[in-house]
Amino acid sequence: MALKLSVVGCGYLGATHAACMSSLGFDVVGVDTDPEKIALLSKGELPFYEPGLDTLLATEIKTGRLKFTTDFSAVAEADVHFICVGTPQSKDGLAADLSYVKSAVTAIAPHLKSGSLVVGKSTVPVGTAQGLREQLTQSAPQADLAWNPEFLREGFAVEDTLTPNRLVVGVANDRAEEILKEVYKPIIDLGTPWIRADLPTSELVKVAANSFLATKISFINAMAEVCEAAGGDVTVLAKAIGYDPRIGNRFLQAGIGFGGGCLPKDIRAFMARAEELGAKQALEFLREIDAINLRARQRVIDVVRAELTEDLTSYTIAVLGAAFKPDSDDVRDSPALDIAAQLQAAGAAVVVHDPKAIENARKRFPNLGFAASVEECVKDSDLILHLTEWREYRDLDPKALASLVKKKIVIDGRNALDRDKWRAAEWQFHALGRTD
Ligand code: UDX
């Protein structure tokens with residue numbers, strides 16, 4: 001008999017995982033405490049923007065294999081339970097808040113049938129899985145617990161779930177591995193590398209990967225600072241070092257740095273956990289990675305002041321982009337929105353445009369100005385700041401925009417616009433890490 005699955009926590013990760021597992025042919029029940037989210041998902045509607053997931057969800061709901069509910073007892077029929085709840089940064093420090101993970105496991109424990117496997121996918125501090133396993137085997141000795149970190153990127157969530165570049169499972173015994181192999185058979189059959197690890201290593205893989213990615217971005221942003229001081233061009237530098245296959249050209253896009261729901265909080269939680277483990281020194285460098293990242297936001301504001309004046313009160317600034325990256329409506333720790341809010345706090349009139357993230361941005365900063373189109377956003381502005389590299393911004397016609405603005409100044413905070421095109425249309429063009 002085919003395994004039945006449950007997914008606990010139907011946010012970004014859980015909704016994606018549930019729909020993708022259903023598309024592999026499993027019966028899946030998604031459970032969440034938020035009735036609004038569950039009502040939407042049950043109708044086949046996504047509570048957030050993710051390319052491709054909307055159609056997949058709607059299709060899977062129609063098959064009848066995929067269901068959503070707020071009733072935790074619905075997990076009783078399932079054999080494998082994926083924990084996909086959030087682990088945000090705690091309010092009082094750098095560490096991750098594990099309360100959602102703990103309450104998810106506690107909520108399903110009484111309903112677990114014999115032989116079932118609980119599989120954590122949330123990003124947790126190393127040691128959490130072992131602790132949860134001990135707790136679970138006391139309250140529900142008929143069940144076992146494994147960890148299976150998720151590497152999905154927003155904007156590519158479906159692709160990263162169904163064709164990941166590896167599957168990592170942290171297990172305490174062969175049986176748990178066999179169950180997970182059964183779940184992921186269609187993906188393994190595609191030739192996807194399978195890595196079996198112990199529980200702590202599987203937890204570490206995730207935070208190590210995100211730390212490495214954050215380091216790569218902050219490295220190139222540090223080089224951008226040096227280029228600015230020395231009169232160089234970081235985009236040329238990145239291209240040149242990226243040809244070395246040991247370095248690689250991905251994640252070397254200099255600009256206003258990383259944000260989102262993962263990278264910033266994961267490196268902070270990793271530092272906090274290392275300190276608890278007595279390995280603080282090993283991750284001291286991440287403090288610098290974080291500092292370089294936050295400095296990039298400040299540097300772009302410095303360029304704005306240099307182009308206008310120290311006192312920004314009489315200026316209108318058009319901000320293109322609010323999401324933390326393109327193809328997402330996520331504004332969690334978004335560098336773009338942070339910069340917009342800081343400029344407004346400094347006295348500028350700020351008008352923000354984003355193809356998908358306006359609603360979320362407005363919830364966070366209701367007093368910022370928002371525009372429904374690029375034209376409306378840039379109208380009568382003294383300066384355009386390009387902060388999230390959506391395709392439609394790259395395709396803009398600087399000649400057409402010229403007649404709308406007060407001053408033709410553009411600052412590219414993502415090194416994604418075509419400098420020659422903007423200069424040919426007589427714009428003053430500046431970008432982070434490029435002195436020319
Ligand atoms: C990340 C990891 O990539 C993913 O594997 C993990 O599972 C979750 O965290 P995500 O948060 O979706 O995914 O975003 P990612 O594509 O990694 O980008 C993170 C941030 O870095 C964005 O703000 C992006 O704009 C920025 N970035 C990325 C750069 O500033 N420069 C780059 O070269 C690449």
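Nothing here was measured: the structure is a model prediction, and the numbers come from that model. Counting convention: from 1, in listed order, for ligands and their atoms alike.
Summary of contacts: the protein heavy atom closest to atom 28 (C) of ligand 1 is I217 CD1, 3.5 Å. Distance from atom 17 (O) of ligand 1 to its nearest protein heavy atom, with residue and atom name: F251 CZ, 3.2 Å. Atom 12 (O) of ligand 1 has E154 N, 2.7 Å as its closest protein atom, hydrogens excluded (heavy atom only). Looking from atom 5 (O) of ligand 1 to the surrounding protein, the closest heavy atom is F151 O, 2.9 Å. Atom 2 (C) of ligand 1 has as its closest protein heavy atom N210 OD1, 3.6 Å.
Of all the listed residues (K325, K206, K265, E389), K325 holds the heavy atom that lies closest to atom 16 (O) of ligand 1. If you check each of R153, R250, K216 against atom 3 (O) of ligand 1, the one with the closest non-hydrogen atom is R153.
Heavy atoms of other residues, nucleotides or ligands lying less than 6.0 angstrom from CZ of F365 number more than 12.
Of all atoms in ligand 1, numbered sequentially from 1 with element shown, those under 4.0 Å from a heavy atom of C262 are 8 (C), 9 (O). Atoms of ligand 1 lying under 4.0 Å from any heavy atom of E150, numbered from 1 in the order shown and given with element: 7 (O). For ligand 1 and F258, the ligand atoms under 4.0 Å from any heavy atom of the residue are 20 (C), 21 (O), 23 (O), 26 (C). Against a heavy-atom cut-off of under 4.0 Å, L252 is close to the following atoms of ligand 1: 33 (O). Taking every non-hydrogen atom of L263 and a distance limit under 4.0 Å, the qualifying atoms of ligand 1 come out as 1 (C), 9 (O), 19 (C).
The side chain to side chain donor-acceptor pair (under 3.5 Å) pairs that include a residue from residues 15-42 are S22-E60, where partners are two or more places apart or lie in different chains.
Residue F324 places at least one N or O, backbone or side chain, under 3.5 Å from an N or O of ligand 1. Ligand 1 has no N or O atom lying under 3.5 Å from any N or O atom of L213, backbone or side chain. For a threshold of 3.5 Å applied to N or O pairs, the pair formed by Q253 and ligand 1 contains at least one separation below that value. Among the atoms of L152, some N or O lies under 3.5 angstrom from an N or O of ligand 1. The N/O atoms of G259, backbone and side chain alike, include one that comes under 3.5 Å of an N/O atom in ligand 1.
A salt bridge links E225 with R295: the closest approach of a Lys/Arg side-chain nitrogen to an acidic carboxylate oxygen falls below 4.0 angstrom. The residues K206 and E150 are annotated as not salt-bridged, no charged nitrogen and carboxylate oxygen being separated by less than 4.0 angstrom. Using a cut-off of 4.0 Å between Lys/Arg side-chain N and Asp/Glu carboxylate O, D79 and K4 are scored as not salt-bridged. We find that E375 and K379 are not joined by a salt bridge, their nearest charged nitrogen and carboxylate oxygen being 4.0 Å or further apart. Using a cut-off of 4.0 Å between Lys/Arg side-chain N and Asp/Glu carboxylate O, D160 and R166 are scored as not salt-bridged. Comment: R268 engages D290 in a salt bridge, judged by a side-chain N to carboxylate O separation of less than 4.0 angstrom.
Taking the ring axis of Y49 as reference, the NZ or CZ atom of K356 stays within 45° of it and closer than 6.0 Å to the ring centre. Judged by the 6.0 Å and 45° rule, R273 forms no cation-pi pair with F270.
Contact between R414 and ligand 1 is present, with at least one heavy atom of the residue lying under 4.0 Å from the ligand.
Looking at N210, T87, D97, D333 one by one, the single match for side chain to side chain donor-acceptor pair (under 3.5 Å) with K265 turns out to be T87.
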